[in-house]
Each structure stands twice: as C-alpha cells, then as structure tokens.
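For reference, the structure is listed below as structure tokens.
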Amino acid sequence: MADYVKMWKDLGMDLESHDMLCQVLPTAVGDVFLTQENRPKAMDFWDLVISEVHGIRPAELIEAQKAGRKVFGTFCVFVPDEIVIALNGIVTGLCGGSQFWVPGGEAVLPKNTCPLIKASVGARLGRTCPFFRIADVYVGETTCDGKKKAYEILGQDVPMIIMDVPQMKRPKDILKWKDEIAEFAAKAEAITGNTLTVENLKAAIRTVNEKRRAMQRVYDARKSLTLPISGRDALLMTQISFFDDPERCAQMCNRLADELEQRIRDGVSVAKPGDRRILITGTPLAVPNWKLHNIIETSGAVVVCEEMCTGTRYFENLVDDSGETLDDLFMALAERYMKNNCACFTPNPGRVEDIIRLAKAYRADGVIDCSLKFCGLYDIEKRTVAEALKAEGIPVLPLETDYEDSDAGQLRTRIEAFVEMLNG
Amino acid sequence: MSARFGIGIDIGSTCAKTVAVDQGGNVVWRDLRPTGWSSVDTAAAIRRDLPEEIADGARFVATGYGRVSVPFADRCVTEITCHAKGAAALFGLSDLNVIDIGGQDTKLIVVTLGAVSEFAMNDKCSAGTGRFLEVMANTLSVSPAGLCDMAGRGGETRISSLCTVFAESEVINLIGRGAPRENIAWGVVDSVAQKVKTQAGKLRLGPGPLCLTGGLCDFPFVRARLEAAFNRPVRTNPDARFAGALGAALYALK
Ligand code: SF4
Ligand code: SF4
C-alpha cells in the first residue's frame with residue numbers, strides 16, 4: 001500500500017486501530033476475490049481500488065476539498081446525488097459493512113440495532129474510516145427507526161442534514177419528497193457556495209443517468225446463461241460505485257460491460273455446469289460485506305442479481321431531464337427516487353413485483369431473501385416476499401445474518417441444502 | 001458401476017451415526033458414538049471399525065455439521081437433504097414433514113414427492129434443541145432421559161423465555177420457589193415443543209404426517225408435547241436417530 005499514513009494522521013484517525021483493520025482487509029480480499037478463476041480483466045480497476053480503499057479515493061477527495069469542493073456523506077440511495085453534483089460537490093457512500101466497527105457502535109447504541117447502523121456509527125466515532133473523516137457534512141434520512149435515532153448521535157459529532165423520506169407512495173407523498181429535495185438543494189447551495197441552475201442540474205442528471213446506464217449494462221450481461229461475471233465481482237463493482245467519481249464509474253462500468261458482452265459472444269462463463277442461479281434480495285451489503293456472496297458462490301451456485309440498494313435499486317430508473325425549470329427537474333428527481341421500493345414504505349407491493357420481474361429476467365433458479373439481524377422492516381417483509389414467490393413457483397430461502405463470521409457454518413448448511421433442493 | 005454398499009456418516013454435534021446399506025437399501029451395519037472433540041478423529045475411528053467386506057469398494061457420503069471432516073468421503077450432502085431422504089425411507093412415505101431435534105439445531109423439513117420442498121433451521125439460539133434440554137437437565141441434576149421421564153409425571157408449568165440463558169434462570173427460580181421437579185421438567189419439554197411449533201410457523205407444512213427424528217425420538221413425552229403443540233399426531237421410529245446417516249447411505253448408492 002502506498003504511504004497514506006500522513007494523510008490518515010491529518011484526518012485525525014486512530015492509526016493504531018486502523019492498522020488492525022488494514023491487516024484483515026487484504027486477507028479477506030484475497031480469499032473472496034483473488035481465489036476466483038477466469039475473472040474479467042476489467043476487474044483490475046476494482047481490485048486496485050479495493051486494495052487501497054482507504055488511500056486512493058480519500059486522497060482524491062482531499063485534493064478536491066483543497067480546491068474548495070465539499071464532500072457529502074450519505075447512507076441511503078434516497079439522497080439525490082444529482083443536487084450535490086450540480087453544485088460541484090462530491091457524494092460518497094458511508095455505510096459500514098465490517099464487524100470491525102460494530103463494537104464501537106455498540107458502545108453508544110443498543111446491541112439489538114442492525115449491524116449496518118452499529119458499524120456506521122462505530123466507523124465515525126472510532127475514527128478508523130477516512131471517508132467518515134473526510135465528509136464535510138452527512139446527509140441522513142428518515143427511513144428506518146434505527147437510522148433516525150443513530151443520526152441524532154452522529155449529529156453531535158458532525159454536521160448533519162436529515163431528509164424526511166415519506167412512508168407511503170401516494171401522489172401527495174411524491175410532492176412532499178419534491179419539496180424535501182428543493183429544501184435539500186437550498187442547504188447544499190449554502191454549503192457549497194454555488195447556485196443551482198437548470199443547466200448545471202440537467203448536466204448532473206445526465207451524468208448520473210449515464211452511470212446508471214453503465215451499471216445496468218453490466219447487470220444486463222448477468223442475464224445471460226453464459227454468465228460472464230461472478231456475483232462477487234459484480235457486487236464489488238456496485239459497492240465501489242457509491243464512492244467513486246460518477247463519470248469514471250460510468251467509464252469503468254462500460255469498459256467492464258464491453259468485456260462481458262464479448263465474453264458472452266465467446267461463450268466464456270464463470271459458472272460451472274450445473275451451478276444454480278441465485279437472485280439475492282434484502283438489506284444492503286456495504287463494503288466489505290461479501291460473506292453471503294462468498295458462501296453462495298462456493299456452494300454450487302452463482303449470484304446473478306441483487307435486488308438491493310447495493311444492486312438494482314441503486315441504478316434502475318432514470319431521471320427525466322427534459323424539464324425546463326428547476327421545479328420540473330425537482331419533480332422528475334422526486335418521481336425517480338420514489339420508485340425505489342425500500343421496505344420502509346407501506347404498503348410496498350412494488351418490491352415483490354421487482355423481485356419476481358428480476359428473478360425471471362435474470363433467469364434465477366431460486367431467490368435468497370437475506371436481511372441483517374435486527375432489521376425489522378426487511379425481516380417482517382420476508383413473509384410477504386416468500387408467499388408471492390411461492391405463488392409464482394420460485395423457490396425462496398429466507399435468511400438472517402450479521403457481520404460476524406460465527407454463523408458462516410450454519411449459513412453454508414442452509415445454502416447448500418437450498419442448492420441441493422434446487423438440484424432436485 | 002455402482003458401489004456394492006453405500007455408507008452414510010452423519011457427524012452431528014453430539015453423536016456420530018453411521019449406516020451401511022446394500023444395493024437393495026437394507027441396513028447391513030450401523031454405529032453410534034459420541035462425536036467427541038475431534039470430528040476428524042471420530043471419522044477415522046469409524047473407518048477403522050467398519051468391517052472390511054463392507055468398506056471395500058463402498059461409496060461414502062458424509063453429512064451433519066462435521067461433514068467436511070470426513071476426508072475419505074466421496075461426497076458431502078447436507079443434513080437437511082439426508083434427513084429428508086432417510087426419514088422418507090424409514091417411514092415409508094414420500095410426503096411427510098420431518099421434525100429433527102438435534103444436539104445444536106432443530107430442523108423442520110417439508111418433503112413432497114420424496115424431495116425437500118421447504119425447510120427451516122433454528123438460528124444461533126439453542127432453544128428448542130437437544131442442547132437446551134441438556135442444559136436444563138443439568139440444572140435439575142438429571143440426565144436428559146431422566147428429565148423426559150420425570151416430565152411425563154409432572155403437571156402443567158410454563159417456561160416463557162425462549163432464550164436458553166433466561167429460561168435457565170427461570171428454572172432456577174422455579175426450583176427456588178419449591179416447584180416440583182416433575183413440573184419443571186414438564187415445562188422444559190413443553191418449551192422445546194412450543195419453540196419447534198413457532199419455527200414451523202414460517203413454513204407451509206405439507207399434507208403428510210409429522211415425523212420426529214433425531215436424538216429425542218426415544219422420549220415418548222417429547223412426542224406427546226409435540227402432538228399437543230401441533231394438534232396433530234407425530235410419528236416416530238426407534239431408528240429415527242439414524243435418519244440422516246441412512247439418507248446419506250442411500251445417496252452413496254446413487
Ligand atoms: S434499504 Fe432503504 S433505508 Fe437502506 S439504503 Fe436502501 S432505501 Fe435506504
Ligand atoms: S438494514 Fe434495516 S435496520 Fe439496518 S439500516 Fe437498513 S433499513 Fe435500517
């Protein structure tokens with residue numbers, strides 16, 4: 001790893017603890033990614049980024065800050081990146097996906113909080129993640145109860161904007177979200193010192209749409225029975241897209257998609273004959289949470305799609321850029337973002353429809369519905385999901401897990417049994 | 001050419017079960033021993049004790065949580081799939097619902113037309129497993145078998161905690177208050193049955209009968225409480241603790 005120690009020190013990080021984190025990550029990357037055979041060459045970009053995940057991109061962000069740009073840290077795919085980008089700001093995802101940060105979160109949160117929240121809070125308070133240090137402002141949202149209350153704790157340590165996400169999807173809720181976006185835009189203008197215009201917002205919408213199209217292209221390649229990329233690699237690409245510059249992200253995803261499309265033409269598949277195709281749905285898989293994909297893909301199956309916020313929910317649906325006023329564009333943004341079918345909505349029939357649609361489009365043999373422990377929203381929704389899938393004749397395996405490795409054996413047994421069941 | 005004998009080794013958390021079957025699926029040899037500290041050593045000991053005329057040219061399938069610790073196995077198959085197959089053979093049914101109460105985990109398996117159509121396993125928590133019964137038996141200073149015996153003579157007592165640790169303090173409380181041990185035992189067994197029933201709520205049970213396998217199948221009172229909890233007859237079979245190994249042996253024939 002290049003020498004980033006000075007940068008980390010300047011960020012006020014806890015170097016001793018951070019060293020420990022840096023020691024475990026390369027082993028995990030090696031075990032999960034580098035043991036795979038026949039990977040697409042274009043993955044070299046993401047391998048590099050992940051190998052220096054706390055170095056390369058943080059250094060870029062710091063350079064940008066020196067040039068006066070502001071960094072907005074986000075925790076949810078509801079926060080409209082377009083606004084920040086239009087104002088020459090930078091968005092970075094902040095979700096914590098490692099057990100390493102959980103104890104730090106548990107110091108201030110109840111144990112029965114979902115690990116994603118505990119890890120995110122722990123990463124901030126423990127000062128072991130540069131992204132959490134770099135962000136000038138955090139943008140939270142009123143999605144689940146755990147996050148709402150955790151933001152109050154984070155807000156004591158860092159400037160925080162909270163966006164009020166509606167709980168339903170009636171026309172008036174979409175209008176409310178539009179107002180919320182307009183309000184966020186005003187706050188972001190104050191923070192960046194720049195002014196939102198129809199031109200810069202349209203340009204930002206196009207940039208993000210471009211990134212979405214590129215990611216969709218990679219996912220489209222996964223629909224092929226000649227599977228050109230593993231689920232682990234696709235997941236890594238998606239996870240990193242939350243941190244990367246959107247234009248470079250689009251470029252890299254397109255480069256990967258080019259290779260994947262060629263592989264399909266050449267009949268190059270990463271799946272072994274007889275491997276079962278799995279669609280995963282549920283709570284987000286934040287970096288470096290690769291546990292589920294890794295177990296599935298070493299149990300006679302391959303992951304072909306993620307109906308998750310670290311998956312299709314991040315890039316499906318484009319924003320209409322034809323509006324002529326800021327108000328039009330805010331409405332277009334509101335409409336696009338409100339198409340996200342997070343379990344925090346009630347009722348939420350769209351998610352079930354999405355899962356069934358995606359299971360068919362990606363030719364999945366079965367669905368694994370996995371939620372993080374203590375996530376009531378997704379856990380409760382499992383029953384509805386299972387019933388709908390059964391009615392469609394699509395086998396489903398409900399699972400619950402956290403960031404610890406101690407349940408890996410049990411998960412493996414269930415997943416192998418599910419694969420055996422699919423094999424008949 | 002298929003093997004002359006199929007041998008299934010089920011390395012559970014408490015006991016290792018081995019079954020050998022001939023071409024016709026008849027059991028020709030079986031063995032039950034504690035798993036002990038090392039699954040690998042146990043597997044090696046089983047291999048040594050297998051009569052050579054059976055082991056020679058046989059195919060081995062390993063199952064159970066220690067399935068990966070059987071280096072001479074030709075294949076590993078999960079305990080879910082093996083239990084389903086073994087239970088279907090034992091009970092002579094192709095549609096059944098298997099309740100397997102194991103040492104560390106409890107499995108519910110819906111078998112339709114001879115194949116697994118749905119299953120559920122308990123989480124990390126040991127409530128509703130053999131382990132729970134063992135912990136409670138220790139607290140009452142009896143063996144698990146003794147506890148189940150005693151329970152049959154007890155009167156209705158409810159233990160409400162689903163967590164083993166809390167249930168244990170509940171039991172200690174009951175002891176402190178002078179509740180008859182038989183009644184406490186009743187509550188312990190009933191709590192296992194209730195937990196299994198809760199777990200089954202996540203599944204759509206099939207039309208076939210409920211069949212109990214695993215280490216607790218010999219205890220009539222466990223079965224009685226399960227019947228009460230499910231409000232359905234529960235079948236069992238003296239060989240039901242070998243269901244996983246039998247299933248594995250049958251897979252080895254294929
Ligand atoms: S799962 Fe819901 S709350 Fe979490 S990132 Fe997605 S939309 Fe936001
Ligand atoms: S996984 Fe569930 S509990 Fe955790 S942050 Fe997301 S919605 Fe909230």
Side-chain angles (χ1 to χ4, degrees), chain A residues 99 111-112 115 274 276 295-296 298-301 365-375 378-424, chain B residues 10-13 39 61-69 75-85 94 98 100 102-126 129 131 163 198-206 244 247-248 251 254:
Chain A
Q99 177 63 26
K111 242 181 143 48
N112 59 354
R276 292 292 155 173
I295 296 178
I296 294 172
T298 50
S299 298
D365 297 307
V367 171
I368 292 183
D369 182 4
C370 186
S371 63
L372 286 168
K373 217 174 194 145
F374 305 121
C375 173
Y378 280 87
D379 202 20
I380 294 171
E381 205 163 274
K382 273 187 193 144
R383 193 179 176 85
T384 317
V385 170
E387 275 170 7
L389 284 170
K390 277 177 209 165
E392 286 285 326
I394 303 170
V396 55
L397 175 70
L399 291 177
E400 188 182 65
T401 184
D402 56 18
Y403 291 170
E404 277 182 272
D405 268 332
S406 59
D407 65 348
Q410 284 196 334
L411 283 178
R412 186 174 289 281
T413 298
R414 285 173 169 84
I415 290 166
E416 283 181 6
F418 185 60
V419 172
E420 287 165 1
M421 185 181 114
L422 296 177
N423 287 335
Chain B
D10 175 6
I11 311 264
S13 57
S39 315
V61 167
T63 187
Y65 103 108
R67 62 187 177 282
V68 290
S69 317
R75 227 177 115 194
C76 290
V77 179
T78 63
E79 49 269 42
I80 313 265
T81 307
C82 288
H83 266 277
K85 188 163 188 75
S94 58
V98 182
D100 176 70
Q104 295 289 353
D105 57 35
T106 292
K107 299 177 266 295
L108 283 145
I109 312 165
V110 183
V111 184
T112 315
L113 298 172
V116 177
S117 59
E118 240 188 293
F119 64 89
M121 259 170 111
N122 67 314
D123 307 310
K124 280 184 195 170
C125 156
S126 63
T129 69
R131 176 84 194 130
C163 156
T198 311
Q199 225 179 302
K202 295 196 174 146
L203 296 177
R204 205 188 289 172
L205 293 183
Y251 272 111
K254 288 213 276 193

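Keep in mind that what you see is a predicted model, and the values were worked out from it rather than measured. Values below: all heavy atoms of this structure, side chains included; hydrogens, waters and symmetry mates excluded. Labels below follow one simple rule: chain letters A, B, ... track the order of the sequence lines, proteins then strands, and each chain is numbered from 1.
Counting heavy atoms from C-beta on, the side chains of Phe119(B) and Arg414(A) come closer than 4.5 Å.
Every residue two or more places apart in sequence or in another chain was checked for a salt bridge (charged side-chain N to carboxylate O under 4.0 Å, His left out) with Arg75(B), and none qualifies. Residues meeting the salt bridge (charged side-chain N to carboxylate O under 4.0 Å, His left out) test with Arg131(B), sequence neighbours left out: Glu134(B).
For chain A, the nearby parts of Val77(B) are the backbone and the side chain; heavy atoms of each come within less than 4.5 Å.
The shortest non-hydrogen separation linking Thr413(A) to Thr78(B) is O-CG2, 3.6 Å.
The interface of residues 416-424 of chain A with chain B, defined by heavy-atom distances below 4.5 Å, comprises Glu416(A), Ala417(A), Phe418(A), Glu420(A), Met421(A). Contacts between residues 389-398 of chain A and chain B, counted as heavy-atom pairs separated by less than 4.5 Å, involve Lys390(A), Leu397(A).
Remark: side-chain polar atoms of Arg383(A) are not paired, donor with acceptor, to backbone N or O of Lys202(B) under 3.5 angstrom.
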